[in-house]
Amino acid sequence: MDTDRTTIPGTGVLHHFRTGRGIDFALLTESSGGRRLLVYAPGSDEPCVDLALEPEEADHVAELMHTSPLADRLTRLEQRVDRLAGQRAEP
């Protein structure tokens with residue numbers, strides 16, 4: 001997936017994505033903290049979908065987009081830390 005980041009003065013930061021299949025979409029993080037998900041029709045520079053998300057909604061969508069739930073990722077991280085801690089030499 002190709003990703004571009006653009007700062008838009010007075011508006012926020014736009015992360016533009018193009019999937020391997022050529023689908024264009026973007027995430028606009030507004031200076032106010034709002035999030036907008038923009039979807040583009042093929043060959044268009046103007047979004048055909050502009051979806052404003054409340055902070056809680058953006059967090060929920062982000063969590064669902066992960067390939068594994070947060071709890072599973074934390075468990076794996078804790079296991080790695082335990083393994084690394086067990087590899088340290090005792091003083």
Side-chain angles (χ1 to χ4, degrees):
M1 178 180 300
D2 294 327
T3 305
D4 294 317
R5 180 184 188 276
T6 305
T7 299
I8 304 170
T11 301
V13 177
L14 182 70
H15 287 91
H16 183 263
F17 306 92
R18 174 171 282 179
T19 69
R21 294 182 180 173
I23 305 297
D24 291 316
F25 67 99
L27 174 65
L28 175 60
T29 303
E30 298 171 319
S31 301
S32 65
R35 304 286 195 276
R36 301 183 85 79
L37 185 60
L38 310 170
V39 181
Y40 298 86
S44 176
D45 291 336
E46 294 296 320
C48 61
V49 174
D50 181 346
L51 179 62
L53 297 171
E54 296 295 326
E56 299 81 24
E57 295 169 330
D59 289 344
H60 189 75
V61 169
E63 176 61 28
L64 292 172
M65 294 294 289
H66 285 287
T67 56
S68 63
L70 179 60
D72 291 349
R73 294 191 316 251
L74 285 174
T75 298
R76 284 195 305 273
L77 182 58
E78 289 170 347
Q79 291 168 345
R80 290 165 123 182
V81 169
D82 288 345
R83 281 195 306 269
L84 289 172
Q87 293 175 1
R88 288 190 220 153
E90 295 294 323

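Just so it is clear, the values below take in all heavy atoms, side chains as well, and ignore hydrogens, waters and symmetry mates.
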Inset, instruction - Any chance you could measure Asp50, atom CG, to Leu37, atom CG, to the nearest 0.5 Å? - result: 8.5 Å
Inset, instruction - Using the test side-chain contact (heavy atoms from CB on, under 4.5 Å), find all partners of Thr75 that sit at least two apart in sequence or belong to another chain. - result: Gln79
Legend entry - Candidates Thr7, Leu28, Leu27, Thr29 - the one meeting side-chain contact (heavy atoms from CB on, under 4.5 Å) with Leu14: Leu28
Inset, instruction - Supply the atom-to-atom distance His15 NE2 to Thr6 OG1, rounded to the nearest 0.5 angstrom. - result: 9.0 Å
Legend entry - Closest approach of Gly10 to Ser31 (non-hydrogen atoms, all atoms of both residues): C-OG, 4.1 Å
Legend entry - Taking every non-hydrogen atom, the tightest pair across Ser44 and Glu46: OG-O, 2.9 Å
Inset, instruction - Report the residues that fulfil side-chain contact (heavy atoms from CB on, under 4.5 Å) with Ala52, sequence neighbours left out, ordered by chain and then residue number. - result: Arg36
Inset, instruction - Quick one: closest heavy-atom pair of Arg35 and Gly33, and the distance? - result: NH1-O, 2.7 Å
Inset, instruction - Flag yes if more than 12 heavy atoms outside Glu63 fall under 6.0 Å of its CD atom; otherwise flag no. - result: yes
Legend entry - Heavy-atom neighbours of Asp82 CG exceed 12 at 6.0 Å: yes
Legend entry - Spatial distance of atom CG (Leu38) from atom CG (Asp24) [nearest 0.5 Å]: 11.5 Å
Inset, instruction - Please check if atom CE in Met1 has more than 12 non-hydrogen atoms from other residues, nucleotides or ligands closer than 6.0 Å. - result: yes
Legend entry - Considering all heavy atoms, the nearest Cys48-Ala41 contact: SG-N, 3.7 Å
Inset, instruction - Can you tell me which residue pairs pass the ring-ring contact (aromatic ring centres under 6.0 Å, His included) test with a partner in residues 22-54, sequence neighbours excluded? - result: His16-Tyr40, Phe17-Phe25
